[in-house]
Amino acid sequence: MSTSAKITPISGFPEYLPAERIVEQRFLDVIRETFELHGFASIETRSIEPIERLTGKGGDTDKEIYGVSRLAGDDEEARWGLHFDLTVPFARYVLENAGKLHFPFRRYQIQKAWRGERPQEGRYREFTQADIDVVDLGELSPHFEAEMPLVIADVFDRFPVGEFVIQVNNRKIPGGFYQGIGLTDVVGTLRIVDKLDKLGHAQVSELLIESGATPEQAAQCLALAQIRTPDLSFVERVHELGVSHPLLDEGLESLARVVRTGQAHAPGRVVADLRIARGLDYYTGTVYETQFVGHEQWGSFCSGGRYDALASDGRHTYPGVGISIGVTRILGLLVGRGLVTADRSTPAAVLVALKDDGSRDESVAVATALRARGIACEVAPSAARFGKQIRYAERRGIPYVWFPGAGQAGDEVKDIRSGAQLPADSRAWAPPAEDLHPAVSRRD
């Protein structure tokens, strides 16, 4: 390629600056550590799947799949596609490895996915997702549906995202309710109601009537969707609508279990919201959406649900429940708007200064001793004036500068924020714990 070729960005494929990457890595560390604390094992699946496996699995995502084909003399249509989420490849992974897995199987997966949609703030063509799922053979205990929000609450409580709420519903509630009022196209009705946030009540009501509902049925659908409670009172409010159906009762019982568990172990984080539907066809039970309080216009950053038939080999079915964190979506907004920042652009806590060009070995020895004790550091790039070396550290947010042989007793280290400079031994000195790693914090 010509060195004079113009470099232009490709929209929808984010690339972070070093300080932003530190924020992302810290978030990923928190996610991974929390998932493992809850007993989930890590897997990684391939990036591509056969086109026929991807199509028809993701609701409206079929037209957004990136096809993959060879360039060299291959005129055939793409046989593979980049996965648009991690659930579909995970279902395939379970089927291929069922004889080697122990059920119920608890997995987490942190990988990139690709979706060919129009890029905009918070939505990308290449993005990182972090998923957890529990799958079992034949039957899945309902208590796993109640466990999912607890994991997510732990993640967001450990990372400075601000206040958040996990909204939960159960697909059996609207499914049974719609059938109870005489609507047979449950999936179609769910898809329309799922557009409430984008279109509003009046337009959703019109769409329901256009799809075959009477004005009275449309009004009842909207009445159900308006029920939102932080406690178990949603059960009584549904009963007050005067609709009965066995599937509705089953869904209410299941959702009550999820909310009750949330009240006990993640108080204030879990809310029953009967507007939540989730557009993907494979959800059959509890569904989840997570929003930041005060930023509801950003939509959901963490969602998922129960599925009973996504993975099946014809003889066995592997029901599961899962939830996915949109890592890139969250960071694109929080970092892009300066709401979450890192206090330095490098992991180094110490810059080891150079007295002169001939003293590099001495400075490298200091750095080696510090690194042996887990203290990240770098040696100054040149033996410039000490003031210039200090400014080098300041620009990167490095809090300490080490001066070999600067004092009568030996080395000294300076906290360039306070100006304090003290004698130090590279075999014993350590910065305060809060300075050992870059600090990631929220700015409101």
Side-chain angles (χ1 to χ4, degrees), residues 22-43 86-87 90 104-111 128-135 140-169 230-231 255 257-273 276 278 285-296 298-306 320-331 333-335 339-340 342 433-434 437-442:
I22 283 174
V23 175
E24 182 188 39
Q25 287 181 307
R26 182 61 52 82
F27 192 25
L28 292 174
D29 287 343
V30 167
I31 292 171
R32 184 185 67 253
E33 291 165 5
T34 306
F35 286 174
E36 292 183 357
L37 283 173
H38 284 262
F40 290 87
S42 175
I43 70 166
L86 302 182
T87 302
F90 173 59
F105 177 47
R106 304 167 67 88
R107 97 54 164 105
Y108 81 85
Q109 194 170 343
I110 303 175
Q111 280 185 242
T128 299
Q129 289 189 194
D131 287 20
I132 49 172
D133 284 83
V134 181
V135 296
L140 180 74
S141 174
H143 71 77
F144 290 117
E145 295 174 65
E147 179 184 346
M148 291 289 123
L150 306 185
V151 184
I152 298 307
D154 281 354
V155 169
F156 288 160
D157 277 334
R158 292 183 59 195
F159 193 74
V161 296
E163 288 300 308
F164 62 92
V165 61
I166 304 169
Q167 302 162 137
V168 296
N169 193 8
D231 51 32
L255 187 59
R257 185 185 303 109
V258 174
V259 173
R260 190 179 300 112
T261 301
Q263 287 180 304
H265 302 289
R269 299 304 193 191
V270 179
V271 171
D273 190 332
I276 304 302
R278 301 300 304 148
T286 306
V287 288
Y288 319 91
E289 287 192 355
T290 306
Q291 292 185 334
F292 295 148
V293 176
H295 300 285
E296 288 82 5
W298 290 354
S300 177
F301 295 91
C302 176
S303 57
R306 163 82 182 239
V321 61
I323 198 163
S324 175
I325 300 174
V327 176
T328 306
R329 178 166 165 73
I330 292 173
L331 294 179
L333 288 161
L334 293 181
V335 174
L339 296 177
V340 176
E434 61 269 21
H437 304 288
V440 174
S441 58
R442 182 176 174 86

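All heavy atoms count here, side chains included; hydrogens, waters and symmetry mates do not.
Environment of NE2 in H437: sparse, with no more than 12 heavy atoms of neighbouring residues, nucleotides or ligands closer than 6.0 Å.
Between F35 and V155 there is a side-chain heavy-atom pair separated by less than 4.5 Å. Side-chain contact check for C302 versus F164: every heavy-atom pair is 4.5 Å or farther apart. Between V23 and F159, the closest side-chain pair of non-hydrogen atoms falls below 4.5 Å. Residues Q263 and V270 fail the side-chain proximity criterion, which asks for heavy atoms closer than 4.5 Å. Considering only heavy atoms from C-beta on, I325 comes within 4.5 Å of F27 through its side chain. A 4.5 Å side-chain heavy-atom check between F105 and D133 finds every atom pair outside the cut-off. You'll find the side chain of F90 stays beyond 4.5 Å of the side chain of D131, heavy atoms only. Under the 4.5 Å side-chain criterion, counting only non-hydrogen atoms from C-beta, R158 is in contact with L37.
When all heavy atoms of Q129 and S324 are compared, the closest pair comes out as NE2-OG, 3.0 Å. In terms of heavy-atom proximity, E296 sits nearest to Q291 at CG-OE1, 3.5 Å. Nearest heavy atom pair, residue P142 against residue R257, reads CB-NH1, 3.3 Å. When all heavy atoms of V293 and V165 are compared, the closest pair comes out as CG2-N, 4.4 Å. Nearest heavy atom pair, residue V258 against residue P149, reads CG1-CG, 4.2 Å. Across all their heavy atoms, F144 and R106 have their closest contact at CE2-NH1, 3.7 Å.
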Test V151 against I323 for side-chain contact (heavy atoms from CB on, under 4.5 Å), laying out the working first. CA-CA 10 Å; V151 184; I323 198 163; over 6 Å; no
Tell me, with the steps shown, if V321 and T286 meet side-chain contact (heavy atoms from CB on, under 4.5 Å). CA-CA 8 Å; V321 61; T286 306; 5.7 Å; no
For a side-chain hydrogen bond (donor to acceptor under 3.5 Å, both in side chains) check, start with the C-alpha distance between E289 and S300, then their side-chain angles and the critical distance, and finish with the verdict. CA-CA 6 Å; E289 287 192 355; S300 177; 4.6 Å; no
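In this structure, CD1 on I110 lies 10.5 Å from CD1 on I132, to the nearest 0.5 angstrom. With rounding to the nearest 0.5 angstrom, the CD atom of E36 is 12.0 Å from the CD1 atom of I31. Rounded to the nearest 0.5 Å, atoms CG (L150) and CD1 (I166) are 8.0 Å apart. Considering CD1 of I43 and OH of Y108, their distance stands at 11.0 Å, rounded to 0.5 Å. The distance from atom CG of L86 to atom OG1 of T128, rounded to the nearest 0.5 Å, is 9.5 Å. To the nearest 0.5 angstrom, R260 atom CZ is 10.0 Å from L255 atom CG.
Scored by the salt bridge (Lys or Arg N to Asp or Glu O under 4.0 Å) test, D157 finds R269 as partners (sequence neighbours excluded). Shown here are the salt bridge (Lys or Arg N to Asp or Glu O under 4.0 Å) partners of R32, two or more places apart in sequence or in another chain: D29.
With F301 as the fixed residue, the side-chain contact (heavy atoms from CB on, under 4.5 Å) test singles out one of V327, L334, L333: L333.
Panel note: side chain D154, backbone T34; no donor-acceptor pair is recorded below 3.5 Å. Side-chain atoms of Y288 do not come within 3.5 Å of backbone N or O of I276 as any donor-acceptor pair.
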